[in-house]
Amino acid sequence: MFGAQLAAALGLPYAFASHFAPHALLEAVAVYRREFQPSAQLERPYVIAADTTAAAHQQLLEAKRRRAKLLLGRGRRLSAAEADAILAAPSGLQVLEMVRYAAVGPPGEVTDHLARFTEHADADELILPDRRSD
């Protein structure tokens, strides 16, 4: 929540790593939008995922590493290489399962992913933010 509150107070764009804390996504974005103060940088709240496909994939990798360290690092400080080794091991499957349905990439790829997910989940509806009003 601190990142959402800080971005809102400073009037800056806000990027939330939903793959790191999916349970906090809606609350964090709501706090950001509710508490947003216009600034010289930005008139209205603006929530972003990542600037580029590469950045999105890097954010996802970093989130998986953090989860591996937290859940499987046994309290040790692990390097990125050690976290990657955990992710590649059978014990890392738990972390990889947590991001199974993550949609990462440019808009067209994410749209295709959501269509496949809708079919896979046999969902009648997906609840997503309406970007047209932002």
Side-chain angles (χ1 to χ4, degrees):
M1 284 308 125
F2 178 73
Q5 293 168 324
L6 182 62
L10 297 176
L12 298 174
Y14 178 57
F16 183 82
S18 64
H19 48 272
F20 178 67
H23 63 280
L25 171 65
L26 299 179
E27 182 181 1
V29 172
V31 164
Y32 169 72
R33 290 188 185 284
R34 182 178 63 243
E35 296 181 13
F36 183 83
Q37 298 296 313
S39 69
Q41 290 85 10
L42 204 58
E43 292 179 13
R44 298 178 8 214
Y46 188 78
V47 178
I48 59 173
D51 292 333
T52 66
T53 300
H57 284 283
Q58 184 62 35
Q59 287 177 11
L60 180 60
L61 175 59
E62 289 172 11
K64 289 189 287 189
R65 286 174 175 162
R66 283 191 302 273
R67 285 205 179 169
K69 291 175 185 181
L70 178 69
L71 298 173
L72 306 165
R74 296 186 175 93
R76 299 183 328 246
R77 294 185 63 91
L78 301 177
S79 68
E82 291 168 320
D84 290 344
I86 290 172
L87 290 169
S91 59
L93 291 176
Q94 176 185 2
V95 173
L96 299 177
E97 181 65 18
M98 294 171 131
V99 296
R100 175 196 292 199
Y101 298 116
V104 180
E109 286 180 20
V110 171
T111 298
D112 291 346
H113 173 83
L114 293 175
R116 288 189 308 274
F117 176 75
T118 301
E119 184 177 329
H120 171 75
D122 194 22
D124 295 310
E125 180 177 354
L126 296 178
I127 300 171
L128 303 168
D130 181 359
R131 301 311 234 179
R132 294 171 296 182
S133 64
D134 289 346

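The structure displayed is predicted, hence computed values, not measured ones. Any value given below was found using the heavy atoms of this structure, including those in side chains, with hydrogens, waters and symmetry copies removed.
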Can you measure from [atom1] ([X]) to [atom2] ([Y]) and round to the nearest 0.5 angstrom?
| X | Y | atom1 | atom2 | answer |
| --- | --- | --- | --- | --- |
| Lys69 | Glu82 | NZ | CD | 8.5 Å |
| Arg66 | Leu61 | CZ | CG | 9.5 Å |
| Glu35 | Met1 | CD | CE | 10.0 Å |
| Arg65 | Leu60 | CZ | CG | 11.0 Å |
| Arg116 | Thr111 | CZ | OG1 | 10.5 Å |

Applying the 4.5 Å side-chain criterion to the ILVMFWY set and letting contacts propagate, would Phe36 and Val29 be lumped into a single cluster? yes
Applying a strict under-4.5 Å side-chain criterion to I, L, V, M, F, W and Y, I'd like to know whether Leu72 and Leu78 cluster together. yes
Minimum heavy-atom distance [X]-[Y], with the two atoms named:
| X | Y | answer |
| --- | --- | --- |
| Ala103 | Val110 | CB-CG1, 3.9 Å |
| Ser39 | Leu10 | CB-O, 3.5 Å |
| Ala4 | Tyr32 | O-CD1, 3.7 Å |

Parallel, tilted or perpendicular, judged at 30° and 60°: which one describes the rings of Phe117 and His113?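 The rings of Phe117 and His113 lie parallel, inter-plane angle below 30°.
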More than 12 foreign heavy atoms under 6.0 Å from CD of Glu109: is that the case here? yes
Taking atom CD as the centre, does Gln41 end up with more than 12 heavy-atom neighbours from other residues, nucleotides or ligands that are less than 6.0 angstrom away?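 It does: Gln41 CD has more than 12 such atoms within range.
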Should Ile86 and Ser91 count as side-chain neighbours, where that means a heavy-atom distance under 4.5 Å? yes
